[in-house]
Colleague: 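Handing you this structure, nothing more for now.
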Protein chains: 2
Amino acid sequence: MAVTIREVASAAGVSVSTVSRAFTAPDQVQPTTRRRILDAAAELGYSPNPAARSLRGGGTGTLGLIVPDIANPFFPPIIKAMQARARHLGYTVLVADSDEREADELAAIAAVSKRVDGLILWASTLTEGRLHELAGQMPLVVVNRHVPGIPEVRISLSAGIAQAAEQLKAYGHRRCVFINASRAELSRGKSIQESFKALDLSLSELGPYEPRFETGVHAATLVAAHDATAVIAHNDLVALGVLHQMANLGMSVPRDVSVIGIDDTLLASVSTPSLTTIRIDPEEIATRAGDLLIETIARTTGRAGQGLEVHSPFVEIGSRLIPRASTGPAPAH
Amino acid sequence: MAVTIREVASAAGVSVSTVSRAFTAPDQVQPTTRRRILDAAAELGYSPNPAARSLRGGGTGTLGLIVPDIANPFFPPIIKAMQARARHLGYTVLVADSDEREADELAAIAAVSKRVDGLILWASTLTEGRLHELAGQMPLVVVNRHVPGIPEVRISLSAGIAQAAEQLKAYGHRRCVFINASRAELSRGKSIQESFKALDLSLSELGPYEPRFETGVHAATLVAAHDATAVIAHNDLVALGVLHQMANLGMSVPRDVSVIGIDDTLLASVSTPSLTTIRIDPEEIATRAGDLLIETIARTTGRAGQGLEVHSPFVEIGSRLIPRASTGPAPAH
DNA sequence: CTCCTCTATGAAAACGTTCCCGCAATTTCA
DNA sequence: TGAAATTGCGGGAACGTTTTCATAGAGGAG
């Protein structure tokens, strides 16, 4: 059915070895023969069979990406960016989601692991032991998870948080609420508390809840009880819940209360009022994670020690505040 | 590195042929040997190498899905649902996006076509000729596109549109506006006009524009000029633009004007007010498209004429109105 | 009891590539 | 100019499976 290397070889009057070299090691074949081969290949519409190639040991040319939830609006731009980056580097990306359950994550890994050269695991639910085991079997990069010895991409919200605190301070807010929905690096780090403390802002923490719209709706009613004038939500979705409930309560945003989201998803830019949020750049994270995985693959393959380009297996992605219409001066009390 | 069929064979004391059969044709091997093989395989952690399998001719076990834009919130739930369905059927899904440009679509197809058993093309930008050419090379299913002779999944908005018209009629609306952003089946079909005409509602069409938030913002200012009390937008995103601008103009939704979206994306359920929209069920469309492709693959493989199960290569997906808070009684004039 | 039909299994070819080896022709160097 | 090194190319094995074909044994019919 499909045209094989053999047909190209006979069409160009050379052996299959030479055709193979013409593609994979162009400088090992004489320019004139090479051109003849490439022409023949183009005319016949030949392209190498990835299955045969990877069977022979050349890798699959595919990167695996496992995210908690494809439908979470935070991820599609990242997936898209990683696809673009990978294609540019000659790779394809195979995406699956874990639904944040260990069983599903294992199923997803099983489904893709034999088809990819390496895996990016986002917020993996697996134990350290399992992750190390997996890392022993194939190149691995974890995102939003720290496991000693495994290459890691980390998202740091501290810059964005600090900017948010500054903005709120400048607007005259004094008492704020943080709606926590168990985002690891938020609940774990003390950086939010510290950022606010440093500016003499009081910050009460609500939760942890589930990261859902309804969480924001529910938490909004508690804000007034805390006598707070500003809310930082676990993510944009929760922030929209807050916005929604504030409207129901007859409160105006940002006149009566300021609201800040996290992630800068599409939701933030299309809400009414548009949502001030802490942006994590999807392109940057996709690029860095993809590149880190490809490096790790290269190192495993053995093409390593050819230079000093042994990057640290730890990459940090920053964040920054995107001011929009949901934040404003604190109401006079 | 990885454990092969040969190791399982020697561990179980049988030949590789028998191991292969134990997996692919379980009833051709004696129960006792089969169990022995399965046990050995489980203990060694064996799973067949997909590359070798597909090289031998058994297909890749992967479905290709090419959508216009992964980041469009309409698609992630569909991708997710198709992944789930496919995994259930023993397949994996490889997703790519075309960015609605022919060059990118061709690049995406080139990148995935050799790795999949068949392709689902969503709103393809390719010419009929190219599509037929492609369909000659591999199993193909098109969605939101009609090409004679190619299996097709079609989304029909007529039911949802009719329900929307009924609701608006019941609420006492008389003059409506439709914001068109070149969605093929909307601009092409006269069904919207007909649905509204049938209920004696006037419907003005704006556009066509690009399907963006700003389109809604822009169009909203024109609605008043049309003396209309209800707006149907090309999709939820555009509808949110309308919502946004109405708030800016000091108009209240739904008190002054009713707004209806299309697609029932996440956006619709989290906006303020929540958006009445026409829902297209992502699970249904994913399931039907996936199943149709798998059928087409099976037919191509030759496993066809074993029954009368030759379904029509044409599937229609319905729609329905999801009433939420953005529609209400027309204002007394 | 013999012959024939099944059934369960093994041996080996084939899928399309890559890459190691070997060979010839050419180039380099003393 | 002769030997050595280099270059360009072909032959063939190997990757891990599936599947055809062959074979040995079991069981049934006559």
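Chain identifiers are assigned alphabetically (A, B, ...) following the order of the sequence lines, protein sequences preceding nucleic acid strands; residue numbering begins at 1 within each chain.
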Colleague: For B:His132 versus B:Val147, what's the shortest heavy-atom pair and its separation?
Modeller: CE1-CG1, 3.7 Å
Colleague: Could you tell me how far apart A:Arg6 (CZ) and D:dG12 (C1') are, to the nearest whole angstrom?
Modeller: 11 Å
Colleague: Side-chain polar contacts of residues 75-90 of chain A - donor-acceptor pairs under 3.5 angstrom, sequence neighbours left out - could you list them?
Modeller:
unit_1: A:Lys80; atom_1: NZ; unit_2: B:Asp69; atom_2: OD1; d: 2.9
unit_1: A:Lys80; atom_1: NZ; unit_2: B:Asp97; atom_2: OD2; d: 2.6
unit_1: A:Lys80; atom_1: NZ; unit_2: B:Asp99; atom_2: OD1; d: 2.6
unit_1: A:Gln83; atom_1: NE2; unit_2: B:Val95; atom_2: O; d: 2.9
unit_1: A:Arg85; atom_1: NE; unit_2: A:Asp291; atom_2: OD1; d: 3.0
unit_1: A:Arg85; atom_1: NH2; unit_2: A:Asp291; atom_2: OD1; d: 3.3
unit_1: A:Arg85; atom_1: NH2; unit_2: A:Asp291; atom_2: OD2; d: 2.7

Colleague: Write down the distance between CZ (B:Arg35) and P (C:dA8), rounded to a whole number of angstrom.
Modeller: 17 Å
Colleague: Between A:Arg56 and B:Phe23, name the one whose nearest nucleotide on DNA chain D is closer to the 5' end.
Modeller: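 Its nucleotide being nearer the 5' end, the pick is A:Arg56.
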Colleague: Between atom CZ in B:Arg115 and atom P in C:dT17, what is the gap in whole Å?
Modeller: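 My rounded result for the distance is 13 Å.
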Colleague: Rounded to the Å, how far apart are A:Leu55 CG and C:dC15 P?
Modeller: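 Going from A:Leu55 (CG) to C:dC15 (P), I get 14 Å.
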Colleague: So, A:Ser17 and A:Ser20: side-chain donor and acceptor under 3.5 Å apart, yes or no?
Modeller: no
Colleague: Would you list the protein and nucleotides 4-10 of chain D atom pairs, both N or O, that sit under 3.5 Å from each other?
Modeller:
unit_1: D:dC9; atom_1: OP1; unit_2: A:Thr33; atom_2: OG1; d: 2.9
unit_1: D:dC9; atom_1: OP2; unit_2: A:Gln30; atom_2: N; d: 2.8
unit_1: D:dC9; atom_1: OP2; unit_2: A:Thr33; atom_2: OG1; d: 3.4
unit_1: D:dG10; atom_1: OP1; unit_2: A:Ser15; atom_2: N; d: 3.4
unit_1: D:dG10; atom_1: OP2; unit_2: A:Ser15; atom_2: N; d: 2.8
unit_1: D:dG10; atom_1: OP2; unit_2: A:Ser15; atom_2: OG; d: 2.9
unit_1: D:dG10; atom_1: OP2; unit_2: A:Thr18; atom_2: OG1; d: 2.4
unit_1: D:dG10; atom_1: N7; unit_2: A:Arg21; atom_2: NH2; d: 2.9
unit_1: D:dG10; atom_1: O6; unit_2: A:Arg21; atom_2: NH1; d: 3.2

Colleague: When rounded to the nearest 0.5 angstrom, what is the spacing between CD1 in B:Ile109 and CG in B:Leu140?
Modeller: 7.5 Å
Colleague: Pairs of donor and acceptor atoms involving the side chains of residues 40-52 of chain A, under 3.5 Å and at least two apart or interchain, shall be tabulated with distances.
Modeller:
unit_1: A:Asn49; atom_1: OD1; unit_2: A:Ala51; atom_2: N; d: 2.7
unit_1: A:Asn49; atom_1: OD1; unit_2: A:Ala52; atom_2: N; d: 3.2

Colleague: Describe, as an angle rounded to 10 degrees, how the axis at the first end of the helix from C:dC1-D:dG30 to C:dA30-D:dT1 is tilted relative to the axis at the last end, five pairs per end.
Modeller: 40°
Colleague: Taking salt bridge (charged side-chain N to carboxylate O under 4.0 Å, His left out) as the definition, give me every residue that meets it alongside B:Arg53, ordered by chain and number, with sequence neighbours left out.
Modeller: none
Colleague: Are there more than 12 heavy atoms of other residues, nucleotides or ligands under 6.0 Å from atom CD of A:Glu283?
Modeller: no
Colleague: For A:Gln28, does its backbone N or O pair with a side-chain atom of A:Arg21 as donor and acceptor, under 3.5 Å?
Modeller: no
Colleague: So what does A:Thr4 touch, heavy atoms closer than 4.0 Å: a base, only the sugar-phosphate, or nothing?
Modeller: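 Sugar-phosphate, backbone atoms only, no base.
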Colleague: Where do B:Leu134 and B:Arg130 land on the side-chain contact (heavy atoms from CB on, under 4.5 Å) test, with the steps shown first?
Modeller: CA-CA 6 Å; B:Leu134 201 59; B:Arg130 272 198 189 282; over 6 Å; no
Colleague: At a heavy-atom distance below 4.0 Å, what parts of residues 43-54 of chain B sit against DNA chain C?
Modeller: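 Nothing qualifies; none.
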Colleague: Are B:Asp104 and B:Ser98 close enough that a side-chain donor and a side-chain acceptor fall under 3.5 Å?
Modeller: no
Colleague: Tell me the closest heavy-atom pair linking A:Val29 and A:Thr33, and the distance in Å.
Modeller: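 Heavy atoms only, the tightest pair is CG2-OG1, 3.7 Å.
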